[in-house]
Every structure is written in structure tokens, then in C-alpha cells.
Amino acid sequence: MLIFNSRDKSYKSIRSAIATDEQCKFRIIVPRDCRCSCATLAITKDGENEETAYYGMFWAGMCGDYHEYWELHFSATTPGLYFYHFELDTPWGKSLIMNTGNGIGDFSAQGNEFQQTVYDKNFKTPDFLKGGIIYQIFPDRFYNSGAEKKNMPSTRILRRWGETPYWKEEQMNGIWNNDYFGGDLKGIEEKLPYIADLGVNCIYINPIFEAHSNHRYDTADYEKIDTLLGTEEDLKSLCKTAKEKYGISIILDGVFSHTGCDSKYFNLYNHYNTLGAYNSTESPYFSWYKFINWPDDYHAWWGIKLLPEVIEEDESYRNYICGKDGILRKWLRCGISGWRLDVADELPDIFLDDLRKAVKEENENAVIIGEVWEDATNKFAYGQRRKYLLGEELDSVMNYPFADAVLNFVRYGHGEYFFDSVMNIVENYPPQVLNVLMNHIGTHDTERAITRLAGPDNEGRGRDWQFANNELPSYDYLKGISMMKMASLIQFTLPGVPSIYYGDEIGMQGMKDPFNRACMQWDNQNEELLKWYKRLGQIRNGAKALIDGEFVPVFCENSAIAYERVCSDNSVLVAVNNNDEETKLFVGEKWNNAYPYFDFKCENDIITLPPHRYAMLSR
């Protein structure tokens, strides 16, 4: 019998983060032969002098003949991270009950503290994402409408659709990321029927503002759409058509930790008729940048001199981005429904506080999604613990922990690791955040999902090697399609919102940048996988449990797992056998007469699955 399990409601009444003033019941089950005379919950609030508070637990009766219950109700009045363990007074001295892994509490002086996140009780996240599907688009590579490309800078090279992006230095002639394929906003609007057919209700578009690289993370002018992508009117038309005709919201990428050196703000090359920070210390933008020795010695993002860092604390910069008529509000007024924040963990609290205020004042249902690669509740950056998800800053984050859990399970098959990774996030995140997490398995920053699943490991490999191994052999590709179906089934049924990186639904391959950013293959689609994604979209849009249903692990044995999503009037069960042999998964009597979405049913409390197959049931 376990002493404590933070992931079991019989020990802890609320498994997730709790709201301020919300009561959470803690229970431990202590062996009688410990002769415990006093049990205490020891809690330390992060960042407050690290002083531990002790809360006495009360004896709550016997648990069988050899164990006893000790309980208490805990609540907190202020948001933050609270780390806790239990202490017992025994005839032999103090005994500590610490976190020994997987949420299990046991006698251990070397174990870790448990984490309890407490968020502001007034914290709300947007409803429009819940139960939905996100589609991510790298705009230059999605679809070229054929509209005339006007005022294109002479340094840009317009390529033929479908060619391999430049990856050799000599191809770029010293100017990196200068090859373009002409994808544009009108092209996205033309393809809205295709996107809607996937069940998508939100499109996330990588940067679209004027910049001098194909990825556009080197902003040159926050106030203008890049000329190759179209105009402000094109964006308004896209937002209006997407929302009114297809029920699809548009969110944009906000890059606010740095600008391009070739921008109207820095103006290194004098391409703009503005007085940039590089041009003069009297520039209205001078205070934005971190000069060490003006003008040539300055802090740059990851040391890349093309990307001078911005001082986000600077009042004039914050007003420019977050002010009453600032950049955030300008584009919200054009019809977008929120922002994804590039490198959100590099944005200080004062900036994020202003950003949230501006966005929510303009549209309280607009979403703010941060790029944070780790657990966002206990992320440490800028020399302090961050407060992204306590109710004052972000609504959601890109869920890299889930992505790693899904991809590693499908490729390597470690069921316990999968559940532990998922439950860490379920435990630590506020439930309203959990329901709008951006659950991707591939993005513009990672290799394509099918390549990561079925391809060779590219860690530490250069672009020459990646180019030579960019396409899978036919057998591995077919295996990869099967693995993608398994991975996407899990992705679409975990808490949060699945995010499809354009082309993953048709089996596009690709190593890391720039191979993962190839042109959408409109004439070369894997129809089996595309049909599968459309089916997942239909299932997701019809299953209430996938909106905000509780995540409940049911079965785990080697590489076979089963879990439920449960809400008041609907439950869904997902069972996956990633073993090399047939496996029987015990899931319980209640699933015997459940509706099967696919081939396999539950009989006599058991789902029998062949190797590398899956089942999904609803009741």
C-alpha cells in the first residue's frame, strides 16, 4: 500500500494546480508499526525567503488492520509554487515522506519535494481553442496564389515551387535565407476549404511582418506586412473569410525579443529613411538596444549579429508594442485572434504583464501562447522563477514535453516514461491552461514528425549529411506512415489542442531547418494519412470528453498503454499496443459495450491488440 500518491485522488483530491482559496484534501496512509504520534505537511512557498510552514494533519481512522489515515485540507491565498513533503514524529525521530518519482511518496531523505501550483482564481483562458485543432503555416512555403509580387528587394531570389530550399552557403551567396517561393496570404485564403476539411478551427502563421529573410524572425517593420506575402487588406480578408465562412481564427507570430539589424529601428545598412539606433545615439530607437560600445558592439540574440537584442523593459519599446495604439492592438483590430510569442522565456515579466493587459483589453477572448520548451510552471529564467501560468501572463504554451512524450513512445515504446511525462504536466498546470495547450509533434524548429519517428538520428549531423538523408527509403517511409497514425491518435486525444504543422498530414519528410520548411506538396500527398487526419478531426469535433475531460491512465505494460478522457456525459478510451507481439490490455467492465471508432472492441474487460495497433472507444 502506498503512503502517498499525488496522482491519485484518494490521496490528493485535486491532481492539478489549484486556484487561490481552493481547498485541496491531502491524505497519507501510514503503517501502524511506525507508531506515528504526529503527521505534518511541510510547505515552502517558492521565492519567499524559503521559510517552511508546517500544517498539522489529523488522525482520520484505520485503513485495514495495519495502516492508518492522516489528513488535512490545504489552501493558499496567493498564487505561486508551493513545494511540499510530509514529516512523521515516531519513537525513532523524524521520518520524511518525499517524492521518489512518478508522484509516489515514500520514506526517503534523498527524495524530491512535491510541487503544488497555485494560480489566481480569476484566471480564465479563451474558449474558442478548447476542443479545437490548430494548423501551423510557414507562409512562404504553403501556397502561392499567383498574385503579382510587387516591390521585391533585389537581394531576394524567387525560386520555382517545390525545389529544395537553399542549404549551402555558396547557394545563398553570403546572404542567408534569401530564397523565397512566393507563398502568400491570398494563398492561405484560397486553401481555407482544405484546412477546414481537417476540422481545424485555428491557424497559427509564422511571422508575416516586413523582414529580410524567408523565415521573417528578423523583423524590419512591425507595422507592415511583408511585400511578398501581401497587404494589410489581404490579412483582413483572410481573417474575415476564415472566421465568418469556416469558423477559423487566425493567430500571428510575435517576435519581440529582438529585431533585424536591417530594420527601420536599427538600420545597419541605411536601407530605411529613418534614424536607426545604429545611425545615431539621438535615434528614437537608441534606448531599445543593448550597446556595449556603440555602434558595432551590441548584444545580439544567441550572438547572431543580424538579430540585435531589444531591451523589453524600455518604456518607449513597451509603449510601441503594448500601448493604446501599439503593435499588438493594431493587428488585433485587423481581425486576428491572438499571438504566439517567440522565445517567450526571454521576455521579462514587466513586458509580459503589459502585453497581457493590452491584448485582453482589446479582446478578452484573444489567446496568448508562449514558446517555452520546458515545464512552464517551474521554468527558471532571467535569474528568477517565471510566473507564466499563474494568471497574469500567458494563456498557453507550445507543449514540447507532450511532443517528446508522444514521439519517444511511438519510436521507442516506453509506456511508463510516457505516462510520467504526461502526468507531470497534468499535475503542474492549471486545468484551464491544460485545455488550451498547443500540442504539436512537429514545427518549423524541429525535423518533420515522420522523419523523427522513422528516420536516422540527426543529432550533431551537419547539413550535408541531413541533405543526403532527407528522404526515407520506401520501406521506412511506409513504416513512418503507420507510426504517424499512432502518434497523431495520441496527440489528438491528450489534454490540450493538437497542432498540425503544414504537410505533416500528407506525410511530408524533412530533416532540420531548412529541410523541414519545404514547399507544401499539393501534388504529392499520401492519401492514406490525409484521410486518417480528416477522420481524427471528425472524431475530435464530436467527442465532448476531448474538450476538457479528465486524463486518467488505465493500463501500462512495457510498450502498451491505455488511458481515458472523462467528462460528465462522455468518456473516451484510447488503447495502443506498441509491442512487437499481441497484447491484452485490461481496461475494465465498463468498456465492454462501448462504441469502437476503429477495428477493435473490448470483450470481457479486455482489448486484444495485434502488434503496433490501436483502439479508440466511446461511451
Side-chain angles (χ1 to χ4, degrees), residues 135-168 171-195 203-239 241-242 248 250-253 255 260 262-263 271 331 334 336 443-445 448 467 470 500-506 508-510 513-525:
Y135 193 80
Q136 181 190 347
I137 292 175
F138 192 83
D140 182 64
R141 311 289 162 82
F142 185 64
Y143 188 66
N144 186 341
S145 69
E148 182 183 357
K149 311 302 178 188
K150 300 178 181 179
N151 304 314
M152 188 175 78
S154 59
T155 54
R156 301 187 184 189
I157 299 173
L158 198 59
R159 307 278 308 285
R160 186 171 62 190
W161 194 266
E163 293 179 336
T164 302
Y166 285 163
W167 58 277
K168 294 182 179 179
Q171 290 177 315
M172 292 174 273
N173 196 26
I175 303 177
W176 287 85
N177 302 305
N178 70 330
D179 61 328
Y180 295 77
F181 291 87
D184 51 24
L185 297 178
K186 286 185 180 294
I188 297 174
E189 185 171 344
E190 284 187 32
K191 291 298 184 179
L192 284 174
Y194 169 86
I195 297 170
I203 297 173
Y204 152 49
I205 309 177
N206 288 114
I208 65 171
F209 305 130
E210 182 174 302
H212 300 294
S213 64
N214 52 42
H215 55 71
R216 298 185 174 90
Y217 281 93
D218 54 339
T219 311
D221 190 343
Y222 290 106
E223 300 174 41
K224 294 181 180 178
I225 306 292
D226 192 88
T227 182
L228 279 182
L229 293 177
T231 65
E232 189 170 317
E233 292 306 311
D234 292 337
L235 177 64
K236 290 179 179 178
S237 176
L238 171 61
C239 291
T241 304
I248 295 175
I250 306 294
I251 61 175
L252 296 184
D253 215 328
V255 186
D262 190 3
S263 66
H271 288 162
W331 298 109
C334 286
I336 71 167
T443 75
H444 62 290
D445 284 327
R448 288 276 177 180
F467 174 71
N470 197 44
I500 306 169
Y501 183 47
Y502 81 99
D504 277 359
E505 77 277 10
I506 59 171
M508 283 182 61
Q509 309 173 61
D513 171 25
F515 307 110
N516 59 345
R517 302 174 181 180
C519 295
M520 180 71 169
Q521 297 173 350
W522 294 106
D523 298 324
N524 182 25
Q525 302 179 352

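Note that these values count all heavy atoms, side chains included, but never hydrogens, waters or copies made by symmetry.
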Margin query: I'd like to know if the side chain of W161 reaches the main chain of G182, judged simply by a donor and an acceptor atom lying under 3.5 Å from each other, with no hydrogens or angles considered.
Written below: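 Answer holds: no.
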Next item on the list: Could you check whether the rings of F515 and W167 sit parallel, tilted or perpendicular, using 30° and 60° as the cut-offs?
Entry: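 F515 vs W167 ring planes: tilted.
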Notebook entry, point to check: Regarding R517 and the six-membered ring of Y180, is the cationic atom NZ or CZ under 6.0 Å from the ring centre and inside 45° of its axis?
Noted result: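 No, a cation-pi geometry is absent between R517 and Y180.
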Next item on the list: Apply salt bridge (Lys or Arg N to Asp or Glu O under 4.0 Å) to the pair D226 and R156, showing each step before the final yes or no.
Entry: CA-CA 12 Å; D226 192 88; R156 301 187 184 189; 2.8 Å; yes
Margin query: Test side-chain contact (heavy atoms from CB on, under 4.5 Å) on N144 and K149; report intermediate values, then the result.
Written below: CA-CA 10 Å; N144 186 341; K149 311 302 178 188; 3.4 Å; yes
To the nearest 0.5 Å, what is the distance between [atom1] ([X]) and [atom2] ([Y])?
| X | Y | atom1 | atom2 | result |
| --- | --- | --- | --- | --- |
| K186 | S237 | NZ | OG | 6.5 Å |
| F138 | N214 | CZ | CG | 5.0 Å |
| R448 | T443 | CZ | OG1 | 9.5 Å |
| L158 | F181 | CG | CZ | 9.0 Å |
| T164 | R159 | OG1 | CZ | 7.5 Å |

Note to self: Applying side-chain hydrogen bond (donor to acceptor under 3.5 Å, both in side chains) to S145 and D184, what does each step give before you reach the verdict?
What the structure shows: CA-CA 7 Å; S145 69; D184 51 24; 2.8 Å; yes
Item checked: Taking every non-hydrogen atom, the tightest pair across D253 and Y204 ->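 Heavy-atom minimum between the residues: OD2-OH, 2.7 Å.
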Notebook entry, point to check: Can you name the side chain to side chain contact (heavy atoms under 4.5 Å, CB included) partners of E232, sequence neighbours left out?
Noted result: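 Expected list: K236, K330, W331, C334.
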Next item on the list: Check the pair Y135 / I248 against side-chain contact (heavy atoms from CB on, under 4.5 Å), numbers first and verdict last.
Entry: CA-CA 10 Å; Y135 193 80; I248 295 175; over 6 Å; no
Item checked: Any residue meeting ring-ring contact (aromatic ring centres under 6.0 Å, His included) with H444, in chain and number order, not counting sequence neighbours ->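 H444: ring-ring contact (aromatic ring centres under 6.0 Å, His included) contacts with Y217.
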Check: What do the steps show when you test S213 against D218 for side-chain hydrogen bond (donor to acceptor under 3.5 Å, both in side chains), and what is the final call?
Finding: CA-CA 7 Å; S213 64; D218 54 339; 2.7 Å; yes
Notebook entry, point to check: Step by step, would you call Q136 with N206 a side-chain hydrogen bond (donor to acceptor under 3.5 Å, both in side chains)?
Noted result: CA-CA 8 Å; Q136 181 190 347; N206 288 114; 3.1 Å; yes
Next item on the list: For the residue pair D179 and E163, establish whether any side-chain heavy-atom pair is separated by less than 4.5 Å.
Entry: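 The answer is no, as the side chains (C-beta and beyond) never meet within the 4.5 Å cut-off.
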